[in-house]
Amino acid sequence: MIVQSNMHAPGWEGFPHGADVGIRGWGPTLEQAFEQAALALTGVLTDADVETRNSVEVECDAPNVEVLFVEWLNAIIYEMAVRNMIFGAFKVTIEDLHLRGTIWGEPVDQKKHAPACEPKGATYTALRVAQGEDGTFLAECVIDV
Amino acid sequence: MDPSRFTRIDPMAWQIEPTGAMRVPGVIYADEGLIRDMDEKVYEQTVNVATLPGIIKAVYVMPDAHWGYGFPIGGVAAFDADEGGVISAGGVGFDVSCGVRTMLTSLSVSDIKPLQKDLADSLYQQIPAGLGSRGSIILDPLEMDSMLTGGARWAIERGWGETRDLDRIEEQGKMAGADPSCVSDRAKERQRREMGTLGSGNHYLEVQAVSEIFDQEAADAYALKPNDVVVTIHCGSRGLGHQIGTEFLREMLPAAAAAGITLPDRELACAPIKSEIGQRYLGAMRAAVNCALANREIIGHYARQVFGHLFPKAELTLLFDVSHNTCKVETHQTDGASKPMYVHRKGATRAFGPDHPDLPTDLRKIGQPVIIGGSMGTSSYVLAGAASSEELSFASACHGAGRAMSRHAAQRAWRGRQIIDDLEEKGILIRSPSVRGVAEEAPGAYKDVGAVVMAAEEAGLARRVARLRPLVCVKG
C-alpha cells in the first residue's frame, strides 16, 4: 500500500478487484495524479518498456473531477484501440474541468509487449479523486478488462 | 456471504427480503457452499438493482455470481415500460452481447490427436487474439451500418458463414430494432478493423472433446457423443460494444437524475425505457448485439477454414450461439398474465425450456442449448433450458464458472509458463500472446464450474446434457 512518507512523490500502483483490475495514481498535483494513473493503466497491460516515439493529443470535459478522470482514461483507451498503440508517457493540463493531454507511445508489438489483456473501459467502480491531508492528490478506479 | 442473511425459500434458492428502497426481493440460486464463497458485493448489488423503478417480480442471481458493475455478474432483472421501467447501460455491461457458441466438427478425438499441435498453431495464427491484433476485414461506413443491422446474416451474405447457422443463433442471427444512427462515430471507428477478432481477458476459442453425457435424449438431439470434438468460441461486440457502454453510462448518469431516479451506485446509470435516451440506447445496444453475432459468425468461419485445411472430411455445424450480456424484450408470466418486459441479463444466459415457440423445431422438444464456459484446463458444459426456469428466473441460467480470485492474486499465485507446461502434459495446448495473461486466467482463479452447473440443475434453471474437456485453447 501507499507509504505516507512517499506521498509527495508521484507514483502509481494497481489494486485488486473481483474480476478486473483497479488502478491508482498519486502526486503533488491533480494533473500528476491523472498522469500516474495512466501509467498504472499501461502497467495493467504490459511489463515491457514502452517507447515514446509518437504523440497523440486528447481532450475531454466532465461535470466533475471524478467523471473527468474516467473520461481521461477512456480517451487513452480509445486512442489505444483505434491507433493500435500502447502509451508510456503522459502530460495533462486541467482548467475548469476541461482536460488537455498529450500521450506518447508506440504501435503495439505482441511479441515485445505481450499484452496481458485489453481494456474495455474505465468504470465508476471504486472511483475516487481526492486530496489527502498532506496535500497529495489521488485518483483511482477499476478498469473493465 | 453469511447464509443467515437470507430466507431460504428452497434448498437452492436464497431470498433477500425487500427492505428500505427495495421494490422487490432478490433471489440467489446456489447451494450453501457457493453462497458462503460468494462475494459480499453480490448481496449489495442485488439490493441496489431491486430499487430501480418498474422492476418486475424479483432480481434473480445465478449460481456463478460475482461482483460486477452496478448489476452483479449473474444478475437478471426485468422491467415494465408502462410502469416507469428503466433500461440500464450498466445492466448490460461494457461487452454488449458477449456470448458463447459451440460448433460440432464431425471429428473424434482420435481424428485430431495426430495433428493437435498443428491445429493449435493454425487456429492461433488465423484468428486474431489479444490487444494489438487486427483482423483482415476493414469496414467502410456503409458496410459498418449493414453489419450493425444485419448481424450474422450480414456475415453470411459476405461469405463468412453458412445460412443453416441462422436457425441456431438467438434472434435467428439478426437482432431487430438495431439503429446504426444511434451508434457514435467513435464507437464505429473503434470497430472498423476489429471484425473477426477474439479480443482479450476471458475470451477464448477452444477445441474440446465431449467427455461425459448426463442426458442421453438431449445429447442425441444436440448430436453430442462421447469423444466427439467441438469448437467453442467466447467473445462479444469488441470495441464497438465497449465504446457504446462507456458513452451511454456517462450519458445516463444525468438522465437518471433528470428522471428523478436515485441511483445507489453510479454504475447502475439508467433511463426510463420510454425516454429519448432510453430508446437511443436500445437502438445502439441492439446494433452492438448484431456486431457480436456477426463477429462470432466470422470467427466460426475462420475455424471452419482451419479445420477444412487440416481435416478435409470435417464438417462444422453450429450447435448454438447464446449471448450473456443483453437486454431483450420477451414475454413472460407475472401475476398470472403474460406480459412483454425488458429482461436484462448480465452474465446470465437465456435458457428457454422445452416447447418454447422461439426455439428451432428440431430443438423444441428438448429445450435451448445453454453453453457454460469453464476456464482453460477445466470443463465446459452444455445444458438444456428447463421448463421451470420460466417461473424461477424469466428463463435464465448461469453463464460460466465465475471468477473466484482477482487478477492480482492469480498473478502472484501462478506463473503463466508453468501453467502452459502443466496443461500440455495433460494434453491441453494453450496458445496466447501473453504468459502473464495466462497466469491471470489460470484455471484455479475460477470457481468450480461443476458445482455451478450442478446448482443450476438442482435449482431447476437448466439440466446438464454434456461435459466438455479442453484440447486446445487460444486465449486473447
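In the text below, chain A, chain B and the rest are named by the order of the sequence lines, each starting its count at 1. Please read all numbers here as calculations on a predicted model, not as lab measurements.
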A.B. asks: Rounded to the nearest 0.5 Å, how far does CZ of Arg266(B) lie from OG1 of Thr123(A)?
C.D. replies: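 Output value for this atom pair is 9.5 Å.
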
A.B. asks: Measuring from Arg190(B):CZ to Glu79(A):CD, what's the distance to the nearest 0.5 Å?
C.D. replies: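 The CD atom of Glu79(A) is 10.5 Å from CZ of Arg190(B), to the nearest 0.5 Å.
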
A.B. asks: Checking heavy atoms, do the side chain of Arg134(B), its backbone, both or neither come under 4.5 Å from chain A?
C.D. replies: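 Contact with chain A involves the side chain of Arg134(B) alone.
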
A.B. asks: With respect to chain A, which residue among Asp265(B), Asn202(B), Leu249(B) yields the maximal number of heavy-atom pairs within a distance under 4.5 Å?
C.D. replies: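 Between Asp265(B), Asn202(B), Leu249(B), the count favours Leu249(B).
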
A.B. asks: Quick one: what part of Glu189(B) sits under 4.5 Å from any heavy atom of chain A, side chain, backbone, both or neither?
C.D. replies: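 For Glu189(B), heavy atoms of backbone and side chain both lie under 4.5 Å from chain A.
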
A.B. asks: Please find the pair of heavy atoms, one from Asp47(A) and one from Arg436(B), that lie closest to each other, and give the distance.
C.D. replies: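 For Asp47(A) versus Arg436(B), the nearest heavy atoms are OD1-NH1, 2.6 Å.
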
A.B. asks: When you compare the side chain of Glu118(A) with that of His203(B), does any pair of heavy atoms fall below 4.5 Å?
C.D. replies: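 Result no, sub-4.5 Å side-chain heavy-atom pair not found.
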
A.B. asks: Can you classify the ring geometry of Tyr69(B) versus His17(A) as parallel (below 30°), tilted (30 to 60°) or perpendicular (above 60°)?
C.D. replies: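 Tyr69(B) and His17(A): parallel rings.
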
A.B. asks: Go through the atoms of Gln411(B) and report whether side chain, backbone, both or neither lie under 4.5 Å from a heavy atom of chain A.
C.D. replies: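 Gln411(B) has no heavy atom closer than 4.5 Å to chain A.
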
A.B. asks: If you compare all heavy atoms of Thr246(B) against all heavy atoms of Lys120(A), which two are closest, and at what distance to 0.1 Å?
C.D. replies: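 In this case the closest contact between Thr246(B) and Lys120(A) is OG1-O, 4.2 Å.
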
A.B. asks: Mark yes when over 12 heavy atoms from residues, nucleotides or ligands other than Asp185(B) sit less than 6.0 Å from its CG; otherwise mark no.
C.D. replies: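 Open.
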
A.B. asks: What pair of heavy atoms forms the shortest contact from Gln110(A) to Ala129(B), and how long is it?
C.D. replies: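 Smallest heavy-atom distance, with atoms named: NE2-O, 2.9 Å.
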
A.B. asks: Nearest heavy-atom pair of Ser434(B) and Ala116(A): which atoms, and what distance?
C.D. replies: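 Closest heavy-atom pair between Ser434(B) and Ala116(A): OG-CA, 3.2 Å.
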
A.B. asks: Less than 4.5 Å apart, any side-chain heavy atom of Glu440(B) and any of Val44(A)?
C.D. replies: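 Glu440(B) does not reach Val44(A) side chain to side chain.
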
A.B. asks: With a 4.5 angstrom heavy-atom cut-off, which part of Val67(A) approaches chain B: side chain, backbone, both or neither?
C.D. replies: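 Just the side chain, heavy atoms under 4.5 Å.
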
A.B. asks: Just wondering, do Leu131(B) and Met80(A) contact through their side chains at under 4.5 Å, heavy atoms?
C.D. replies: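 Yes, close enough: below the 4.5 Å cut-off.
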
A.B. asks: Please state whether the side chain, the backbone, both or neither of Ala62(A) comes within less than 4.5 Å of a heavy atom of chain B.
C.D. replies: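 Interface part for Ala62(A): both.
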
A.B. asks: Heavy-atom distance under 4.5 Å between the side chains of Arg193(B) and Asn84(A), does that happen here?
C.D. replies: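 Result no, sub-4.5 Å side-chain heavy-atom pair not found.
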
A.B. asks: Rounded to the nearest 0.5 Å, what separation is found between the CD atom of Gln45(B) and the OG1 atom of Thr125(A)?
C.D. replies: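 Going from the CD atom of Gln45(B) to the OG1 atom of Thr125(A) covers 7.0 Å.
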
A.B. asks: Using every non-hydrogen atom in the two residues, find where Arg407(B) and Val145(A) come nearest and quote the distance to one decimal.
C.D. replies: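 Here Arg407(B) and Val145(A) meet closest at NE-CG2, 3.4 Å.
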
A.B. asks: Less than 4.5 Å to any heavy atom of chain B: does that hold for the side chain of Pro63(A), its backbone, both, or neither?
C.D. replies: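 Contact with chain B: backbone and side chain both.
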
A.B. asks: Relative to chain A, which segment of Ser432(B) carries a heavy atom at a distance below 4.5 Å: side chain, backbone, both, or neither?
C.D. replies: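 Neither part.
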
A.B. asks: Considering only heavy atoms from C-beta outward, does the side chain of Leu253(B) approach that of Tyr124(A) to under 4.5 Å?
C.D. replies: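 When only atoms from C-beta onward are counted, Tyr124(A) and Leu253(B) do touch, with a gap below 4.5 Å.
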
A.B. asks: Between Asp61(A) and Arg250(B), what is the shortest heavy-atom contact and its length?
C.D. replies: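 The answer is O-NH1, 2.9 Å.
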
